[in-house]
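Note that the coordinates shown come from a computational prediction; the quantities given were computed from them, not determined experimentally. Values reported hereafter were calculated over all heavy atoms of this structure, with side chains retained and with hydrogens, waters and symmetry mates removed.
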Amino acid sequence: MGLLHHAQYLVYFEQGRTELLRQQGISYRDLEDAGYFLVVVAAQVKYRRPAYYDDLLTLRTMLQRLTNVRIEHRYELYRDGELLAEGATTLACLDRAGKPQALPGVLRPQG
């Protein structure tokens, strides 16, 4: 059908989170090497218009909320300025044993 598979949107959201961290000088690998694992505990996608193979898409990723152990993001996916999908994810910070732990200071706002 030429449509982008619905699961691909979540992959794009992950790429958006990765790039948002990278812009702050942080990498997922460094967090995991330090014993902080950010795992998706909730995900939501609202599909408004279809995306097609080979579309040039723009993803907007926003930090929505930060708590002691969770990060919430919002996403908007566009093609030529038209909103195709929007979504949200909640990530929890876990330790190596899979137990919740406080986010590292580097992820918390300073001030």
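- Residue D33 comes nearest to R96 through the heavy atom pair O-NH2, 3.0 Å, listed as atom of the first residue, atom of the second, then distance.
- Around CD of E76, the count of heavy atoms belonging to other residues, nucleotides or ligands within 6.0 Å exceeds 12.
- Nearest heavy-atom pair across Y28 and T18 is CE1-OG1, 3.3 Å.
- In plain terms, the two heavy atoms of C93 and Y36 that are nearest each other are SG-CD2, 3.6 Å.
- V69 belongs to no hydrophobic cluster, as no Ile, Leu, Val, Met, Phe, Trp or Tyr side chain comes under 4.5 Å of its own.
- We find the CG-OG1 distance between D80 and T58 to be 8.0 Å, quoted to the nearest 0.5 Å.
- Here CG of L107 is found 5.0 Å from CD1 of I26. Values are rounded to the nearest 0.5 Å.
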Side chain to side chain contact (heavy atoms under 4.5 Å, CB included) evaluation trace for R17 with L91: CA-CA 10 Å; R17 291 191 304 273; L91 287 78; 3.6 Å; yes

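- The neighbour count for L56 CG, taken as heavy atoms of other residues, nucleotides or ligands under 6.0 Å away, does not exceed 12.
- Residues L66 and L20 do not share a hydrophobic cluster, clusters being chains of Ile/Leu/Val/Met/Phe/Trp/Tyr side chains in contact below 4.5 Å.
- Taking Ile, Leu, Val, Met, Phe, Trp and Tyr as members and joining any whose side-chain heavy atoms lie under 4.5 Å apart, directly or through other members, the hydrophobic cluster of L77 also contains L4, Y9, L10, Y12, F13, V45, Y47, L57, L59, Y75, L84.
- Looking at Q101, its side chain does come within 3.5 Å of a backbone N or O of G35 through a donor-acceptor pair.
- When all heavy atoms of R70 and L103 are compared, the pair lying nearest together is O-CD1, 3.8 Å.
- Taking CZ of R22 as the start and CD of Q24 as the end, the distance is 12.0 Å to the nearest 0.5 Å.
- Remark: T61 OG1 to E19 CD distance equals 9.0 Å, nearest 0.5 Å.
- Of the charged side-chain nitrogens involved, none lies within less than 4.0 Å of a carboxylate oxygen, so that E32 and R29 do not count as a salt-bridged pair.
- The hydrophobic cluster analysis finds V11 isolated: no Ile, Leu, Val, Met, Phe, Trp or Tyr side chain comes under 4.5 Å of it, directly or through other members.
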Test side chain to side chain contact (heavy atoms under 4.5 Å, CB included) applied to L31 and L21, step by step: CA-CA 10 Å; L31 289 173; L21 278 176; 4.1 Å; yes

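- Here CE of M62 is found 4.0 Å from CZ of R74. Values are rounded to the nearest 0.5 Å.
- For the pair R79 (side chain) and P50 (backbone), a donor-acceptor distance under 3.5 Å is present.
- Considering CD1 of I71 and OG1 of T89, their distance stands at 9.0 Å, rounded to 0.5 Å.
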Side chain to side chain contact (heavy atoms under 4.5 Å, CB included) between D95 and F37, intermediate numbers included: CA-CA 6 Å; D95 63 16; F37 297 88; 5.9 Å; no

